[in-house]
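The structure appears below as structure tokens.
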Amino acid sequence: MTKALLLIDIQNGFCPGGNLPVPAGDTIVPVVNALMASGHYDLIVASQDWHPANHGSFASMHPGKQPFEMGMLSGKQQVMWPDHCVQGTHDADFHPNLDISRIDYIQKKGENPDVDSYSAFRDNDQTSSTGLHTYLFEKGVTQLDIAGLATDFCVKFSALDAIELLPGVTTRFVQDASLGIDPQTVEAAIAEMQSHGVHVITSSTIVG
Ligand code: VGL
Ligand code: ZN
């Protein structure tokens, strides 16, 4: 069995003080560090939301639109986000307390200004792949644990894509190593992940 940990977007931008903060988002960092230090994982991958300054998911690119309103991007419904995780800025850096020395591979995403990319595996239009599923397949991963920010967006879509793109891989969501933007959508996201075959666990299963 080859066990991998996929950490989603544990960046300054999604922590308090960032541009698109998840409430208390930084509080998952010690939990994630303990997971990485547990010795359970053969492979640790982290995704990084990595937008150009003119990304089409930014409300600032749509005159008259306010952050968190619905808008359109390339003909599809799109949440208008505050400018966040712009390439090369502090907002896009991993949280300073995240033990990045344990990360084997970094998957950047969200670089195409014309489509958003919640999942670490592919863009929201589900046409262009990041290549991450091929990477994990080639490493022989059989168990994939997913944690990070935000449960109701990038974590959820990454877990759903793992189920679809990595058939036969046991995919688990580590609940206490993840936090979301809105409690209501977090609850729905967990139910949706479970209904697609994602197992919900807590870090105590791994860390003991
Ligand atoms: C995310 C909204 C926009 C996330 C990224 O990491 O969950 N959410 N970009
Ligand atoms: Zn983003």
Side-chain angles (χ1 to χ4, degrees), residues 1-15 22 25-50 85 92-111 117-123 126 128-151 153-180 189-190 193-194 196-208:
M1 185 143 93
T2 301
K3 304 182 199 92
L5 177 64
L6 174 57
L7 301 174
I8 303 296
D9 301 0
I10 307 180
Q11 294 165 260
N12 290 320
F14 300 115
C15 292
V22 172
D26 57 331
T27 63
I28 68 163
V29 173
V31 184
V32 168
N33 284 341
L35 286 175
M36 291 197 284
S38 68
H40 180 80
Y41 296 105
D42 304 300
L43 184 68
I44 300 176
V45 176
S47 71
Q48 197 172 17
D49 213 32
W50 194 248
C85 295
D93 287 345
F94 289 114
H95 188 280
N97 295 344
L98 185 69
D99 184 4
I100 56 171
S101 72
R102 295 196 186 269
I103 296 170
D104 299 299
Y105 183 74
I106 293 171
Q107 179 64 66
K108 290 182 163 62
K109 65 185 181 67
E111 294 174 77
S117 189
Y118 294 149
S119 163
F121 293 96
R122 57 186 171 179
D123 288 339
Q126 303 199 331
S128 65
S129 158
T130 60
L132 181 59
H133 74 286
T134 307
Y135 175 83
L136 296 175
F137 179 80
E138 285 173 354
K139 293 285 182 189
V141 170
T142 51
Q143 183 186 79
L144 181 66
D145 290 352
I146 304 183
L149 305 170
T151 301
F153 289 92
C154 292
V155 173
K156 178 185 89 169
F157 284 101
S158 297
L160 295 178
D161 273 354
I163 292 286
E164 194 176 322
L165 299 172
L166 293 166
V169 174
T170 302
T171 300
R172 312 191 300 182
F173 164 64
V174 192
Q175 187 162 8
D176 60 326
S178 307
L179 278 169
I190 293 172
M193 287 191 278
Q194 282 181 304
H196 283 80
V198 178
H199 301 263
V200 177
I201 63 165
T202 61
S203 62
S204 60
T205 311
I206 294 146
V207 176

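Any value given below was found using the heavy atoms of this structure, including those in side chains, with hydrogens, waters and symmetry copies removed.
Note that CD1 of Ile8 is 9.5 Å distant from CD of Gln107, once rounded to the nearest 0.5 Å. To the nearest 0.5 Å, atom CD of residue Glu164 and atom CG of residue Leu160 are 8.5 Å apart. Atom CD1 of Ile106 and atom CD1 of Ile44 lie 12.0 Å apart (nearest 0.5 Å). Remark: Leu7 CG to His95 NE2 distance equals 14.0 Å, nearest 0.5 Å. The SG atom of Cys15 lies 8.0 Å from the CD1 atom of Ile10; values are rounded to the nearest 0.5 Å.
For Leu165, the CG atom sits in a packed shell: over 12 heavy atoms of surrounding residues, nucleotides or ligands are nearer than 6.0 Å.
Between Gln126 and Asp161 there is a side-chain heavy-atom pair separated by less than 4.5 Å. In this structure the side chain of Ile201 reaches within 4.5 angstrom of the side chain of Ile206, judged on heavy atoms. In this structure the side chain of Tyr135 never reaches within 4.5 angstrom of the side chain of Thr130, judged on heavy atoms. Annotation: side chain of Leu43 is in contact with side chain of Val141 (closest heavy-atom distance under 4.5 Å). Between Ile146 and Met193 the shortest side-chain heavy-atom distance does not fall below 4.5 Å. Residues Val155 and Phe173 meet the side-chain proximity criterion, which asks for heavy atoms closer than 4.5 Å. Taking the side chain as every heavy atom from C-beta outward, Lys109 and Leu132 never approach each other to under 4.5 Å. Taking 4.5 Å as the limit, some side-chain heavy atom of Phe121 sits within range of a side-chain heavy atom of Leu6.
Between the Ser158 side chain and the Ala120 main chain, a donor and an acceptor come within less than 3.5 Å of each other. Looking at Gln48, its side chain never comes within 3.5 Å of a backbone N or O of Lys108 through a donor-acceptor pair. Side-chain atoms of Asp123 do not come within 3.5 Å of backbone N or O of Ser117 as any donor-acceptor pair. Judged by distance alone, with hydrogens and angles left aside, the side-chain atoms of Thr171 form no donor-acceptor pair with the main-chain N or O of Leu144 at under 3.5 Å. Remark: side-chain polar atoms of Gln11 are paired, donor with acceptor, to backbone N or O of Asp49 under 3.5 angstrom. When atom types are taken as modelled, the side chain of Ser178 and the backbone of Gly148 share a donor-acceptor pair closer than 3.5 angstrom. A distance-only check finds a donor-acceptor pair linking the side chain of Thr142 to the backbone of Thr2 [under 3.5 Å]. Without hydrogens or angle criteria, Asp99 side chain to Asn33 main chain gives no donor-acceptor distance under 3.5 Å.
No option in Met1, Lys3, His199 other than His199 meets the side chain to side chain contact (heavy atoms under 4.5 Å, CB included) test with Thr170. Each of Leu149, Asp26, Val31 was checked for a side chain to side chain contact (heavy atoms under 4.5 Å, CB included) with Leu179, and the lone residue meeting it is Leu149.
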> Can you check side chain to side chain donor-acceptor pair (under 3.5 Å) on Ser203 and Asp176, steps first, answer last?
Replying inline: CA-CA 6 Å; Ser203 62; Asp176 60 326; 2.6 Å; yes

> Between Met36 and Val32, is a side-chain contact (heavy atoms from CB on, under 4.5 Å) present by the stated rule, with each step listed?
Replying inline: CA-CA 6 Å; Met36 291 197 284; Val32 168; 4.1 Å; yes

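Here the shortest heavy-atom pairing between Asp145 and Arg172 reads OD1-NE, 2.7 Å. Here the shortest heavy-atom pairing between Ser47 and Phe94 reads O-CE2, 3.6 Å. Nearest heavy-atom pair, Ser129 versus Gly131, reported as atom, atom and distance to 0.1 Å: OG-N, 2.9 Å. Considering every non-hydrogen atom in both Ala177 and Ile28, the closest pair reads O-CD1, 3.4 Å. The two atoms that bring Gly180 and Ala150 nearest to each other are CA-CB, 4.2 Å, heavy atoms only.
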